[in-house]
Amino acid sequence: MDPDRLREERERGMTIDLGFAWLRLAGGDEIGIVDVPGHQDFIRNMLAGVGPVDAVLLVVALDEGVMPQTREHLAILRVLGVDRGVVALTKRDLVDDEWASLARADVAAALRGTPLGAAPMIEVSATAKTGLTELVAALESVLGTAPPRRDLGRPRLAIDRAFTLTGFGTVVTGTLVDGGFGVGDEIEILPAGQHARVRGIQTHKHALDSASPGSRVALNLSGVEKEELARGMVVVRPGTLAPVSVLSARVEVLASAADALTHDESVKVHAGTAEVMARVSLLEAPTIVPGGSGWAQLRLAEPLAVAVGDRFVIRRPSPPETLGGGAVADISGERMRRRREAVAVLERRSAPTAASRLLAALDVPRTPAEAGTRSGLDAGERDAAARELIESERAVQLADALIARESFEALATRVERTLAATHRRSPLRAGAPREEIRSSLDLAPKRFNALVERLTAEGRLAERGSALALIDHIPTLTAPQESAWSRARAALAREPLQPPSPSTLESDYGLDRELVAALAERGDLVRIGTEAVFLPEAVARFADAVVGELIATGTITVARARDLTGSSRKHVLPLLGFLDDRGLTRRSGDDRILVVPPEQARERVATLTGRKKVAQ
């Protein structure tokens, strides 16, 4: 197959843009081939096609030998982690044996120290048809050593070509990674966010119902126009990947680079089939010298759809030069300053073991799926790492999420400090409102409940109704407060169902609102709304009288409740509302009716205020 698609390519006899072909191996497997330009003027096109390959077929003409762009291609392959391949020494028919031997030695010297240092070199002639069988056999052997493509259930297809096909509509092509697409799947196109549907799938011109990771794929899309698409966009399942404007990585600068990479320098970033400008923020030193490496953040001029572990290349725009690259370590978007802590975080996120990488993503509670995505782990690696972390107690489970033990302790310390501050500020209160603590931590309710449950089981805090408190906190009244309460209680007892107002209790007896709240929390008072305070015995007596009347007559009016209890309309209204709120009664027109059976009503009255039912 001739992968050159453009008229100009055929006229000039050179590859300018990406070309595509495939061949069937002796064992029956088909392999896809991405033909990339060799000329140094088209390095950007070469970079758009070389990223996701399993192996490289490096072509060197024996009559020309190693060219400058050959060395640049080798450097790019090393940066991208392509570590297996075959070398085709072409045009064997144009040189004699001595020249071929010299050229072969030149190629071997250029490959020395690169991942292709031990790659087989096959001499071929396209016109004489020699060496081609050996070349295909060598490709089959090398590809047999490639690891299987990972299926993360998160398919991505970086678009290298978009066009319209008569009778079909919009078609995009690319190499599928991290998962598979099926006909009928809804897809999203990043970074723009267009939504479409897979109308058809082809691999090597064969129609398929679904395509697996590693396939060269053509997707026929409905719901999107060709004019909306471009090389560099990425096809994903909706919601599985988000474009980022900042990525962090350990950047390696090639030894062949003309100058050091400097802080805040503008570079071109090539990732997948995309190319964007970026500013480099170095985190360890003001420069990275040729042959060196260092942690950096790349602040992208346009969002990129990348994942942790994706490799990228950086180039200097003027004069054009490949500087180096690396692998994406973090896509959280957190801006990191040049400090040791930032580097330590990135070191952990790129640790050699799956468990360590997953742990680094658990600085806050995250589901295993979320943490696995941030760590670049597939489902099997992620689940095994999560089990290891839980069993070794390096991570803690909070409902549907995991959190690193260190981060869990930080959360627990925040809770304890907040409670301690509340106890100092309001020593009479039983504790801090549960929801107030949850909001301060910004935790989902189920995760917060799991945190409280664990801290309670560990004896680090206590639940007191709707409040949380430290274990050793006991609301205690001072001697003057107990004295004020004794005087106020006597006043409340004189006319239990026509008690003084809260403002009177404060002005005449020194019972301020905080003290009233503390007394209510320990059960000495019943607060109804903001303007009514009763002794528990008074509330129980009122409830007993009302329930007795309802059992006898079926209904009760406000006036009847007032006369029956010797109270006043001002106090009867909140008391009846209190019974409504507790599920004993319900308003029906101007009357109240009982909403529970009589025996159940008397049982509720007996425990309504936490006291024994008083006799009529």
Side-chain angles (χ1 to χ4, degrees), residues 29 51-55 80-84 143-158 174-182 185 187 203 208-217 234-242 244 247 249 271-272 305-311 326-332 346-405 407-408 447:
D29 291 334
V53 299
D54 292 303
L80 293 175
V82 181
D83 57 3
R84 55 178 53 79
L143 287 169
T145 67
R149 289 293 186 129
R150 300 187 309 171
D151 188 342
L152 304 183
R154 185 194 62 199
R156 295 185 288 149
L157 183 129
T175 302
L176 187 57
V177 299
D178 289 356
F181 283 125
D185 284 355
I187 57 96
T203 294
L208 302 173
D209 291 328
S210 61
S212 56
S215 306
R216 279 293 307 170
V217 171
V234 181
V235 179
V236 300
R237 283 204 186 116
T240 58
L241 194 66
V244 298
L247 62 86
V306 294
V308 171
D310 286 0
R311 289 189 171 267
V328 176
D330 180 72
I331 54 173
S332 66
L346 292 172
E347 292 281 5
R348 289 196 298 271
R349 291 180 182 175
S350 59
T353 67
S356 297
R357 293 203 299 280
L358 189 69
L359 186 65
L362 298 176
D363 52 326
V364 297
R366 290 192 172 93
T367 65
E370 291 167 342
T373 297
R374 290 172 68 94
S375 309
L377 302 175
D378 63 32
E381 292 173 320
R382 176 198 70 209
D383 293 345
R387 285 193 297 271
E388 179 183 336
L389 293 175
I390 292 171
E391 289 169 3
S392 64
E393 298 186 349
R394 287 186 287 165
V396 174
Q397 187 140 18
L398 294 180
D400 64 330
L402 296 177
I403 184 172
R405 166 62 69 174
S407 298
F408 171 83
R447 296 177 184 178

Closest heavy-atom contact between [X] and [Y]?
X: Ala371; Y: Leu358; value: CB-CD1, 3.6 Å
X: Thr203; Y: Ser215; value: OG1-CB, 4.2 Å
X: Asp151; Y: Gly179; value: OD1-CA, 3.3 Å
X: Pro155; Y: Arg237; value: CD-NH1, 3.5 Å
X: Arg156; Y: Asp178; value: NH2-OD2, 2.8 Å
X: Val306; Y: Ile331; value: O-CD1, 3.7 Å

query: Is the closest side-chain heavy-atom distance between Leu157 and Thr175 below 4.5 Å?
result: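 No, side chains not in contact.
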field: Contact check, side chains of Val177 and Pro52, non-hydrogen atoms, under 4.5 Å
entry: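 Of all side-chain heavy-atom pairs linking Pro52 with Val177, at least one is under 4.5 Å.
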field: Steps toward side chain to side chain contact (heavy atoms under 4.5 Å, CB included) verdict (Asp330, Val308)
entry: CA-CA 6 Å; Asp330 180 72; Val308 171; 5.8 Å; no
query: Checking side chain to side chain donor-acceptor pair (under 3.5 Å) for the pair Arg382/Ser375: CA distance, chi angles, key distance, verdict?
result: CA-CA 9 Å; Arg382 176 198 70 209; Ser375 309; over 6 Å; no
- prompt: Can you list the steps and then say if Arg150 with Glu381 is a side chain to side chain contact (heavy atoms under 4.5 Å, CB included)?
  reply: CA-CA 11 Å; Arg150 300 187 309 171; Glu381 292 173 320; 3.9 Å; yes
task: Mark yes or no for whether Asp310, through its side chain, and Ala307, through its backbone, hold a donor-acceptor pair below 3.5 Å.
output: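 Confirmed, Asp310 side chain pairs with Ala307 backbone.
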field: Any donor-acceptor N/O pair, Glu391 side chain to Glu388 backbone, under 3.5 Å
entry: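 Checking the backbone N and O of Glu388 against the side chain of Glu391, no donor-acceptor pair under 3.5 Å is found.
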task: Could you check Val217 against Phe181 for side chain to side chain contact (heavy atoms under 4.5 Å, CB included), going step by step and ending with a plain yes or no?
output: CA-CA 10 Å; Val217 171; Phe181 283 125; over 6 Å; no
query: So Thr240 and Arg154, side chain to side chain donor-acceptor pair (under 3.5 Å) or not? Walk me through it.
result: CA-CA 6 Å; Thr240 58; Arg154 185 194 62 199; over 6 Å; no
What pairs of donor and acceptor atoms, side-chain ones from residues 395-405 against any protein atom, are under 3.5 angstrom apart with sequence neighbours left out?
| from | atom 1 | to | atom 2 | distance (Å) |
| --- | --- | --- | --- | --- |
| Gln397 | NE2 | Ala399 | O | 3.4 |
| Asp400 | OD1 | Arg447 | NE | 2.9 |
| Asp400 | OD2 | Arg447 | NH2 | 3.2 |
| Arg405 | NH1 | Glu409 | OE2 | 3.2 |

message: Between the side chains of Asp54 and Arg149, is the shortest nitrogen-to-carboxylate-oxygen separation below 4.0 Å, so that they form an ion pair?
response: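 Salt bridge: yes.
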- prompt: Between Asp363 and Arg366, is the closest basic N to carboxylate O distance under 4.0 Å?
  reply: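 Asp363 and Arg366: salt-bridged.
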